[in-house]
Amino acid sequence: MRTYAIWWLLGTTLEVVDLDFRYENGYKVFQDINLKAEKGKFIAIVGPSGVGKSTLLRLLGAFLKPEKGSVLLHGKPVLRPTPLISMVHQSIVTFPWMTAEENVALSVRMKNLPKDKVKEISSRALEMVGLQGFNDLYPKEMSGGMRQRVAVARSLAADPKILLMDEPFAHLDELTAEGLRQDIYNILFNEESPLETVIMVSHNLTEVIELSDTVFILNGNPATIVAKVDIDIPRPRSPRDPKFDQMLDILYSYLTRKGVKKQ
Amino acid sequence: MIQAVDFITNSASIGTVNGIPLMTITLAVLATSIRVLALILLSIISGWLLAYGAIKSKIFENIFISLIEIFESVPVITFFPVVLIIFVDRIGGGLGVELAADFLVFTAVVWNIWMGEYQAFKTVPSEMVEVANNYNYGFLDRMGMIYIPFSIPRIAANLFPSVSDGFFYITVSEVFSIGLTTYATFGIGTEISSLLAQSNYYGVLTAFIIMGIIIVIIILALRSISERAVAKYTVDTDMPIMRRGKPRIRQTARFSAVASLNTLGKLAKYNRERRPQKDPEELFSTTPKKGKGNIIAGLVALAIFLYIIYSAIELILSVSAKEWDYLFSKTPSLLYGLMLDYLRVITITLISLFMALTLGYYFATRKRVEKFGIPVIQTLSAYPVPAYFPFLFLGIYPFVDSIFGSYTEEALVLFLGFLATFYYVFYGFWMGVKAMPSEYNEIMRNLDLGFFQKMRYVIIPSTFPYLISGITSTVNSAWGGLEIGEYWPHIAGNRTLQVHDGLMKTIDVATSTGNIALAAWGSFLFAIIVAVYSIIFTKKMMDLAKKKYVAEEGIYSV
Ligand SMILES: Nc1ncnc2c1ncn2[C@@H]1O[C@H](COP(=O)(O)OP(=O)(O)O)[C@@H](O)[C@H]1O
Ligand SMILES: [Mg+2]
């Protein structure tokens, strides 16, 4: 109880402490990962392809077990997956045999609520992601962007404190991705939402600067956090803002490690 | 009286140790194994030619595929008595008996293999075909360099069920009686029954052990062949492998057909943004458009069934008006027997399904159990039930009797059916779970769903197409099990296993008492009703599966 209060006061929601990880085949992905996610923040983890971003998210959600170190939610170790830390996948995941509403309802079901309550919550979640009126569509009747909204609604309906998103726009075409990006911040941090922190993985720097408050840069082999960058450009952010370009330069130089300037 | 001469048994006293004809037993096991493997090989080779024909001619393709689907869903063993009569009567002698046994095994193994090869040929990447066109390859080059290698992984995936099927039927089809005549062809099935007749129980035990060893060797060999084949030739494979973030198109042959049919939704405009269909499987629409082909094939299949039965009736006896009267008067009780058999099949299927869902899930989610359990189940399933069931019968009879009383034999027959069929739905379900997108697993863990919620909302729907093809095979084999179990004279010594009533029993009894007319008439009724029913049922379920329950469509990725 006391630890909880302290963590809450400090504003840290999710924390990773001295984490090492290796896959069963012996491949060591991480060494000494440390990061703190603060309340009310949109956090991005960036890194080159194959560095271990998806793996890190899976460790944060306790889908994988660390070799050493721990993941703490409000100061308490996270030992197995929980609806409190909800995951949105890179490949857009829906259940084709369920309508949009049923897809969302899946994450309300374990609460054993009456039927109409489940329906109400799912409808509201769909509304939150901008899909009001599409309740009865099946995934195959929806575009990729709509499906990803359904997936986000499903995650939100579980009432999570932390939302993990693994390159949520990667499988969308640029226009659709841009549409969803513009919406997502407001969706995630509206006053109804129980979310405290969003952690997004991406290798798209523009997207990261557009959305996040804090960026952790993951690099090396085995990988570790090589830098933490705060982005304080006021929202809504425009890529034409000169500050935006500056940020891009900074992130880029961390990623290339040698400090190469943007061409 | 035994017609086919038991020549090896008589002359093989050389290899006899302590009264156990080791040499003969080993030869008999080898003969049976070779028979099974040779028939599988025959299926493979004929399948290549037919599949090539199918990709060359649209009309042939339609008929070919529909025929496979129909024959796959009809339990051929139930026609066995009638088929036997044709072979024995028309060809006769040792050859007729041998061919009858071979025919039965062939029909048990061939459909899966043919379908898999056809699927493979259909999905050869267009680039490869273009290369072949570019260099003007002839038929042999095309087959040898492109189509055949490409079909290997799928054939490998279909080998296990085929081997099991083959062994199951071969042991029952090596020896059979029509009227007072017993026909036999050399093999372990025959050998075991002759050892039993001599009360040589050590001999029988030895036969089991030797057969077990050889089956394990075959399974291990097939495992390593298929692993190597998959490693070498895989472009897309049927082996269940968990991959992350890639489109997952790796299903059973039947399931591929299902998965590749992308039914478009109601709202066409929302489909514009669908992922580009890069997968070769989808580039070549795998299942031909059905329509007329289906109807033609249905008629052809029906004609074949009718011909088989007609020739039985026509060739062996000229039925008099009085006999027709007799047959018609028997019809209501035959139909009643058929209804009882349906109840039995349903019971067996439900129990198998229940076991599959629980045990299969347990296996699929526990790596260590799986690593050990799956090969054990594969081996057990290849071990022919009819060969060891008499011993099980002796062993568990008192126990079952104490529970079921006057329904003991009924329970034992159901148990036999279960042993013969459980494997299919189990394996299908297990494959389905393995092929389930890994993301689904993560979502279930993430949401902390309970067992029943997982089953109801995620696992059963996403394994539905696999379950359906597993259930279809289970139903077929359940009929096979009933055909063997409902009337089994001399199952142990002088005891006879039999149920009170049932169509399979009536047919069996009629066959063994020489009442061919009744056997043929019973088969005829069975053919019409069961064939029509299973075709319609299977088709409905498959249509539902491909319309709604394709887990792969739940993953949207470029
Ligand atoms: N199941 C696994 N077993 C072994 N290595 C893996 C496994 N999954 C991923 N990897 C390896 O771990 C590294 C990190 O993968 P991933 O987290 O997917 O990277 P990212 O998301 O940053 O592109 C890669 O080199 C990948 O090949
Ligand atoms: Mg990734």
Side-chain angles (χ1 to χ4, degrees), chain A residues 24 54-55 57-58 61-64 80-98 102-103 105-112 134 136-148 150-151 154-155 157-160 163-164 166-167 170-173 175-176, chain B residues 242-248 258-259 261-276 367 436-454 456-465 544-558:
Chain A
E24 270 170 31
S54 299
T55 308
L57 269 200
R58 285 186 168 79
F63 297 103
L64 297 174
R80 72 178 83 91
T82 152
L84 290 176
I85 305 177
S86 191
M87 173 99 152
V88 174
H89 289 88
Q90 173 172 12
S91 28
I92 298 169
V93 186
T94 50
F95 298 92
W97 45 89
M98 300 182 194
E102 289 163 348
N103 262 285
L106 187 66
S107 52
V108 192
R109 291 199 198 278
M110 77 279 181
K111 293 181 191 158
N112 291 322
F134 293 97
D136 296 329
L137 286 198
Y138 281 94
K140 63 170 86 175
E141 299 163 345
M142 290 187 256
S143 67
M146 291 168 81
R147 291 195 202 189
Q148 190 61 306
V150 171
R154 185 179 58 221
S155 280
D159 256 353
L163 186 69
L164 306 175
D166 191 356
E167 313 215 22
H171 287 300
L172 301 175
D173 64 84
L175 272 180
T176 313
Chain B
M242 301 291 261
R243 264 181 302 172
R244 174 169 289 155
K246 296 241 171 70
R248 269 148 274 263
V258 170
L261 254 195
N262 266 323
T263 337
L264 287 179
K266 285 171 266 173
L267 302 179
K269 62 175 171 168
Y270 289 118
N271 278 304
R272 247 181 268 145
E273 295 183 45
R274 293 176 67 81
R275 75 185 130 114
K367 254 194 204 140
M436 201 166 70
S438 59
E439 286 88 348
Y440 280 9
N441 252 316
E442 287 183 342
I443 287 179
M444 289 190 293
R445 292 172 69 196
N446 202 166
L447 297 177
D448 214 4
L449 297 180
F451 177 76
F452 290 104
Q453 285 171 327
K454 282 188 205 172
R456 176 167 166 204
Y457 296 111
V458 182
I459 297 173
I460 292 177
S462 46
T463 54
F464 190 70
L544 181 64
K546 66 184 143 194
K547 215 163 153 183
K548 212 170 161 186
Y549 295 99
V550 184
E552 280 71 10
E553 287 186 350
I555 306 296
Y556 183 99
S557 56
V558 188

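Numbered from 1 within each chain, the chains take letters A, B, ... in sequence-line order.
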Let me know if [X] has heavy atoms under 4.5 Å from chain B in its side chain, its backbone, both or neither.
X	answer
A:Ile85	backbone
A:Ser107	both
A:Ala62	backbone

Check the surroundings of atom CZ in B:Phe451: do more than 12 heavy atoms from other residues, nucleotides or ligands lie under 6.0 Å from it? yes
Could you check whether any side-chain heavy atom of A:Val150 comes within less than 4.5 Å of a side-chain heavy atom of A:Pro139, counting everything from C-beta outward? no
Contact leader toward chain B among A:Gln148, A:His89, A:Arg154, where contacts are heavy-atom pairs under 4.5 Å: A:His89
Give the minimum heavy-atom separation between B:Tyr440 and B:Gly554, together with the two atoms involved. OH-CA, 3.4 Å
For A:Arg58 and A:Asp166, what are the C-alpha separation, side-chain angles and deciding distance, and is it a salt bridge (Lys or Arg N to Asp or Glu O under 4.0 Å)? CA-CA 9 Å; A:Arg58 285 186 168 79; A:Asp166 191 356; 3.8 Å; yes
